[in-house]
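Down below is the structure, laid out as structure tokens.
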Amino acid sequence: MKVELGTGKYATTKAAALVVFAGESWKRDLADLDRHVGGALGRTLARERFKGKPGDVSVFQTHGRIAAGLIVVAGNSEDPFLLRRSAYLAFRRSRDAGAPTLAIAAAGASVERISLLAEMAELAAYSFDRYRQTDERNRLVRAVVLVERRSAEREEAVRVGSLFARAACYARDLVNEPAGTMTPRFLANRAIEIGRMSPAIRCEVRGPRWIRAQGMGGLMGVARGSREEPRFIVLRYRGRKPTKRIALVGKGITFDSGGLSLKTADQMVTMKCDMSGAAAVLGVFTALSELKPRIEVIGVVAATENMPGGAAYKPGDILRIMNGKTVEVLNTDAEGRLILADALVYAEKQKPDWIIDLATLTGACVVALGDNCTGIMGTDASLKKALLAAAEASGERAWELPLLEEYRDTIKSDVADIKNANYGRDGGAIKAGLFLKEFVASTPWVHMDIAGPAFMEKEIGFYTKGATGHGVGTLLRLFSAPTK
Ligand code: BES
Ligand code: ZN
Ligand code: ZN
């Protein structure tokens, strides 16, 4: 898919589909275009009782009366959340109608709107079809965002919008890849590739010997049940004269069977998604060298399978995390917090100004916020605020959950410093957050529980079924905002 800025009249621009936006006063909005097709567009929309509400889409055959084969009319909105959805739906409908090229009407649009349209066009083009012999699906190959005049800001808006979306699609591809292929080693090889793509990025990958020598007992413990070796992945990006150093930590469980505390068949089906945090970290890195923010980013990924093999860690085992704290394992399915504990300790040793972790950590977070919302928890009010604002600007839903001190007692253990589960049923996302907090000493830290929005069972918002790349947009926006 190629998304570009273009100029030209709507009626004379060649494309398979011309996508236009129209609100309640669609008759007025579309009058000029309607004249070119002899009033047939207005008659069709009236017959269909088109309202111009966000989410409304109508597909009109032009029969050669203008240069585009189809006019796709989408309900307009000034609210970016609604506009995102409306634009995405219109682009998908164009694609479903077999239109490979789009002209997107954007005369008079703000740079924010131009960027949003470019981003949605790129997302609408996404599909995961590496494993299909015959692919009957239609493709989008090119989209031109039509403005009245070219300018550097508008070019940049299109470039950044499509860059953000491509980074999210990169993460989607990693998550959609079946766990049979997406092993810790495979994931690490993708990180090495990213490191080779740009001189501004370096990548180090470590295996079991190094991991054990570091004292990462959480990661080693979880990895014991698997035939696949764990990997510890570190990516480093350094912009020009960096003003801040940020550590991004990702949960990289390439398959979560639950271990000996085995999941049910139903719970296990989507568990290739358990490396979505890691995928988001890698996705962000694919964009950094083009975005060139003036910061330093250290990506830290702990990657392993969670399997119930003969050597697997067992309920009752006690693991020692890299900072010396011991954890009693009461449920081997609460594995994410164990590997993240080591990754957070490693991250803080890099002396960052901020630590942000992303993890498909708890089913409880999905119970609390539903499946399209990230749970944000953390120790620093200004970092939380910046992250929530970036989420808002990216159209990714996020909401804060409180790390209540009075729940701290529930993670106490009789035999070790803390325990990894059996905290009781309530507030599971928060208690997992409190567990992670034990492994960050003093650095401002935010935890993003993406268990809900990382992977969709049905289409929602601008997400297709399957992996969403959720988190990538939020982080890239956070990084492109001026950092204080
Ligand atoms: N990977 C799961 C969490 C998850 C659930 C992600 C649903 C995506 C969708 C995690 O490792 C897990 O199994 N958590 C347990 C923790 C419990 C045993 C304390 C959970 O949430 O049930
Ligand atoms: Zn689990
Ligand atoms: Zn998990």
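Every heavy atom of this structure was used, including side-chain atoms; hydrogens, water molecules and symmetry mates were not. We're numbering straight along the sequence, starting at 1. Whatever order the structure lists ligands and atoms in, that order sets their numbers, starting from 1.
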Three-point angle Asp333:O, the Zn ion (ligand 2), Glu335:OE1, rounded to the nearest 10°: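 Centred on the Zn ion (ligand 2), the O/OE1 angle is 70° (to 10°).
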Relative to the Zn ion (ligand 3), which of the N, O or S atoms in Asp274 is the closest?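 This residue's closest N, O or S atom turns out to be OD2.
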Should the ring pair Trp445 and His447 be called parallel, tilted or perpendicular, given that the plane angle runs from 0 to 90° and is split at 30 and 60?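 Parallel.
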Identify, by atom number and element, the atoms of ligand 1 in contact range of [X], meaning under 4.0 Å from any of its heavy atoms.
| X | result |
| --- | --- |
| Ala451 | 6 (C), 8 (C), 9 (C) |
| Thr360 | 1 (N), 2 (C), 3 (C), 6 (C) |
| Glu335 | 11 (O) |

List the closest protein heavy-atom neighbour of [atom]: residue, atom name, distance to the nearest 0.1 Å.
| atom | result |
| --- | --- |
| atom 20 (C) of ligand 1 | Gly363 N, 3.9 Å |
| atom 4 (C) of ligand 1 | Met271 CE, 3.9 Å |
| atom 15 (C) of ligand 1 | Asp333 O, 4.0 Å |

Answer yes if the side chains of [X] and [Y] hold a donor-acceptor pair under 3.5 Å, and no otherwise.
| X | Y | result |
| --- | --- | --- |
| Asn306 | Thr304 | no |
| Tyr126 | Asp173 | yes |
| His470 | Ser276 | no |
| Asp129 | Ser127 | yes |

Using a 4.0 Å heavy-atom cut-off, say whether [X] meets ligand 1 through its side chain, its backbone, both or neither.
| X | result |
| --- | --- |
| Asp256 | side chain |
| Arg337 | side chain |
| Leu361 | backbone |
| Gln267 | neither |

Does the pair [X]/[Y] count as a salt bridge with the N-to-O cut at 4.0 Å?
| X | Y | answer |
| --- | --- | --- |
| Arg408 | Glu438 | yes |
| Arg236 | Glu204 | yes |
| Arg238 | Glu296 | yes |

Does Lys251 come within less than 4.0 angstrom of ligand 1, counting non-hydrogen atoms of the residue?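 Distance cut 4.0 Å: Lys251 passes for ligand 1.
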Sub-4.0 Å heavy-atom approach of Val366 to ligand 1: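 No, Val366 has no heavy atoms under 4.0 Å from ligand 1.
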Let me see the working for Ser394 and Thr474 under side-chain hydrogen bond (donor to acceptor under 3.5 Å, both in side chains), right down to the final yes or no. CA-CA 6 Å; Ser394 71; Thr474 296; 3.2 Å; yes
I want to know if ligand 1 touches Cys273 in the polar sense, i.e. an N/O pair below 3.5 angstrom.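 Between Cys273 and ligand 1, no N or O pair is found under 3.5 Å apart.
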Does any N or O atom in Asn331 lie less than 3.5 angstrom from one in ligand 1, N or O only?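 Between Asn331 and ligand 1, no N or O pair is found under 3.5 Å apart.
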Option nearest atom 1 (N) of ligand 1 (shortest heavy-atom distance, choices Thr332, Asp449, Asp274):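 Among Thr332, Asp449, Asp274, the closest heavy atom to atom 1 (N) of ligand 1 comes from Asp274.
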Vertex the Zn ion (ligand 3), rays to NZ in Lys251 and OD2 in Asp256 - rounded to 10°: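 Vertex at the Zn ion (ligand 3): approximately 170°.
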Looking at every heavy atom in both Thr286 and Gly283, which two are closest together, and how far apart are they?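 Smallest interatomic distance, heavy atoms only, reads OG1-O, 2.5 Å.
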Would you name the heavy atoms of Ala87 and Leu117 that are closest together and state the gap between them?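 Shortest heavy-atom separation between Ala87 and Leu117 comes out as CB-CD2, 3.8 Å.
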